[in-house]
Amino acid sequence: MVRLSRRAFTSPQLARHARRRSVSAFATPQPYASSCARSSPLSSLSKVDPYALFQPEITHVRSSLLNLLGSSDPTLSEIASYYFHHPSKQLRPLLVLLFSHATNGLGSHFPSNSDVLNDFNSSMPDHTTSFNSPFDLRPPPAITYPSPPPSLCAESAISLPQLAHTLLPTQLRLAQIAEMIHVASLLHDDVIDKFDLRHGAPSAPAAFGNKLAVLGGNFLLGRAGAALSRLGDNEVVESLASVIANLVEGEILQMKTAGARSGVDSPPGGVYLQKTYLKTASLMVKGARAAVVLGGCREGEVWKEVAYAYWRNIGIAFQLVDDILDFSSSTALGKPGSGADLRLGLATGPVLYAAEEYPELEPLIARGFKCDGDVERALSCIHASSGVSRTRDLAQAYAEKAREVLEILPASEAKEALEALTEGVVKRGW
């Protein structure tokens with residue numbers, strides 16, 4: 001049973017107004033202890049700052065999350081909590097809180113948390129061709145209910161749904177679960193990719209060894225699954241459980257397509273974007289959609305589809321920018337300098353676009369940049385091409401589609417913050 005006080009997270013409007021606007025500098029994240037004092041790296045100038053809007057809730061989510069990670073083995077506890085003591089963008093918990101606040105009260109069963117089984121959920125498109133363009137909002141299938149007696153309609157006025165301006169304890173716990181799944185994936189990724197650093201500090205494999213890092217990730221997934229089951233909603237459990245499968249599918253797809261010779265706009269390029277969805281956007285998408293379900297949204301109500309379409313587009317835009325930043329020399333991203341993906345044999349958006357202008361990149365892509373001098377030659381071609389700018393244009397297109405999807409939501413500070421994110425994810429420098 002979730003034992004969090006609902007009253008504690010019903011934020012007064014005056015308090016929100018006092019912290020809602022902040023000038024962002026898109027700065028490198030600082031250690032978590034000082035995160036509450038800094039401006040958000042994702043907010044847009046003169047817009048609502050998403051992090052400032054939910055500063056107390058984010059702080060609570062982060063601090064109380066460690067209580068879920070204890071083990072009788074102190075080494076396992078240390079590994080499981082290792083990345084939680086390092087700088088973090090906290091994007092996934094933030095997105096859960098944002099969509100919760102932007103939609104709570106709109107669902108027909110708010111704040112009911114009874115079982116919600118939704119067949120439409122199982123057909124969310126993730127096949128390769130569905131990534132050929134930014135994702136449009138797709139209304140759910142219409143459901144026809146029996147009409148009430150005329151006398152009942154005459155006696156009771158029909159009221160439109162109103163935002164509740166609050167967060168549910170289950171949604172706060174969901175924010176923690178999303179971050180636990182994300183960090184588990186980082187532990188596993190750093191083993192697969194053989195990264196020695198993350199955000200300028202030793203990676204978990206470097207600090208504890210590969211075996212313990214893998215076991216730590218497995219332990220986090222186990223704790224996340226237990227917490228997920230206690231939310232008591234079948235659709236939410238199914239959706240978040242499928243994220244773990246998506247992460248594995250994305251990693252396998254990346255391994256299979258390493259060295260693929262294709263452009264971003266060609267069908268194999270759709271595989272690149274499909275991999276981006278599975279590895280990055282899936283957790284964002286399904287975390288936000290699950291938050292809306294916990295807020296009482298039922299089958300046939302559009303709010304779940306708004307969450308899905310928005311975060312599918314933003315998640316892909318986020319990763320496209322991440323692929324761009326791989327060609328900077330900064331280690332703040334947790335990557336070992338410029339061209340880290342090339343050294344892993346991966347051809348991301350900037351590389352695929354550059355290959356259209358410099359065909360000599362194709363044999364380098366095909367052999368996974370494994371020969372001496374391949375990475376240096378590829379970097380030279382990429383920097384001389386329009387690959388980076390075209391990838392940023394593609395990210396901007398996805399971000400603009402995400403902003404368009406939000407038009408259906410009622411006005412709120414959370415909606416303004418979501419709009420600010422559509423600019424922030426493209427302009428960010430980390």
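Numbers for residues simply follow the sequence, beginning at 1. Predicted model only: the values in this text are computed from it and were never measured.
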How far apart are the closest heavy atoms of [X] and [Y], and which atoms are they?
{"X": "Pro93", "Y": "Ala175", "answer": "CG-O, 3.7 Å"}
{"X": "Trp311", "Y": "Ala288", "answer": "CD1-CB, 3.1 Å"}
{"X": "Leu69", "Y": "Ala80", "answer": "CD1-O, 3.9 Å"}
{"X": "Leu167", "Y": "Ser100", "answer": "CD2-CB, 3.6 Å"}
{"X": "Gly339", "Y": "Leu379", "answer": "CA-CD2, 4.2 Å"}
{"X": "Leu228", "Y": "Ala241", "answer": "CD2-N, 4.2 Å"}

Rounded to the nearest 0.5 Å, what separation is found between the [atom1] atom of [X] and the [atom2] atom of [Y]?
{"X": "Glu416", "Y": "Leu406", "atom1": "CD", "atom2": "CG", "answer": "11.5 Å"}
{"X": "Leu187", "Y": "Ile192", "atom1": "CG", "atom2": "CD1", "answer": "11.0 Å"}
{"X": "Asn313", "Y": "Tyr308", "atom1": "CG", "atom2": "OH", "answer": "9.5 Å"}
{"X": "Leu342", "Y": "Thr348", "atom1": "CG", "atom2": "OG1", "answer": "6.5 Å"}
{"X": "Leu294", "Y": "Glu235", "atom1": "CG", "atom2": "CD", "answer": "9.5 Å"}
{"X": "Ile314", "Y": "Leu95", "atom1": "CD1", "atom2": "CG", "answer": "10.5 Å"}

Original post:
Does the side chain to side chain contact (heavy atoms under 4.5 Å, CB included) test come out yes or no for Leu344 and Phe195, once each step is laid out?
Top reply: CA-CA 10 Å; Leu344 293 173; Phe195 280 171; 4.0 Å; yes
Subject >> salt bridge (Lys or Arg N to Asp or Glu O under 4.0 Å) involving Arg403 - partner list, sequence neighbours excluded >> reply: Glu423
**OP:** With sequence neighbours excluded, tell me which residues meet salt bridge (Lys or Arg N to Asp or Glu O under 4.0 Å) with Asp374.
**Re:** Arg367, Arg377
**OP:** Go through the steps to decide whether Leu174 and Leu240 satisfy the test side chain to side chain contact (heavy atoms under 4.5 Å, CB included), and finish with yes or no.
**Re:** CA-CA 9 Å; Leu174 177 65; Leu240 268 293; 4.1 Å; yes
Main-chain N/O of [Y] paired to [X] side chain as donor or acceptor, under 3.5 Å:
{"X": "Ser203", "Y": "Ala206", "result": "yes"}
{"X": "Arg223", "Y": "Leu68", "result": "yes"}
{"X": "Asp322", "Y": "Phe318", "result": "no"}
{"X": "Asp326", "Y": "Ala340", "result": "yes"}
{"X": "Tyr310", "Y": "Leu418", "result": "yes"}

Results of side chain to side chain contact (heavy atoms under 4.5 Å, CB included) for [X] - residues two or more places apart only:
{"X": "Ser229", "value": "none"}
{"X": "Ile324", "value": "Pro350, Val388, Thr391, Arg392"}
{"X": "Ser282", "value": "Val243, Asn246, Tyr277, Lys286"}

Find out whether [X] and [Y] are in side-chain contact, i.e. whether some heavy atom of one side chain is under 4.5 Å from a heavy atom of the other.
{"X": "Gln176", "Y": "Ser64", "value": "yes"}
{"X": "Val405", "Y": "Glu305", "value": "no"}
{"X": "Val321", "Y": "Val425", "value": "no"}
{"X": "Leu106", "Y": "Cys297", "value": "no"}
{"X": "Tyr353", "Y": "Leu394", "value": "yes"}
{"X": "Leu409", "Y": "Trp303", "value": "yes"}
{"X": "Leu278", "Y": "Gln254", "value": "no"}
{"X": "Leu220", "Y": "Phe84", "value": "yes"}

Original post:
Side chains of Asp190 and Tyr83: do they bring a donor and an acceptor to under 3.5 Å?
Top reply: yes
**OP:** Inspect the contact between Asp193 and Arg343 and indicate whether a charged nitrogen and a carboxylate oxygen are less than 4.0 angstrom apart.
**Re:** no
Test of understanding: with side-chain hydrogen bond (donor to acceptor under 3.5 Å, both in side chains), list the residues that count as partners of [X], not counting sequence neighbours.
{"X": "Thr280", "answer": "Gln319"}
{"X": "Lys401", "answer": "Asp136, Glu404"}
{"X": "Glu400", "answer": "Gln396"}
{"X": "Ser108", "answer": "Glu301"}

Subject >> Name of the residue among Val306, Val293, Val292, Leu98 meeting side-chain contact (heavy atoms from CB on, under 4.5 Å) with Thr103 >> reply: Val292
**OP:** Among Val351, Asp323, Leu253, Leu346, find the residue that satisfies the side-chain contact (heavy atoms from CB on, under 4.5 Å) test when tested with Tyr272.
**Re:** Asp323
**OP:** Output, in order, the C-alpha distance, side-chain angles, deciding distance and verdict of side chain to side chain contact (heavy atoms under 4.5 Å, CB included) for Leu172 and Val61.
**Re:** CA-CA 7 Å; Leu172 289 156; Val61 163; 4.0 Å; yes
**OP:** With sequence neighbours excluded, give me every ring-ring contact (aromatic ring centres under 6.0 Å, His included) pair touching residues 166-191.
**Re:** none
Original post:
Restricting to pairs with a member in residues 202-238, which pass ring-ring contact (aromatic ring centres under 6.0 Å, His included), not counting sequence neighbours?
Top reply: Tyr82-Phe208
Original post:
According to the salt bridge (Lys or Arg N to Asp or Glu O under 4.0 Å) rule, which pairs have a member within residues 179-188, sequence neighbours left out?
Top reply: Arg62-Glu179
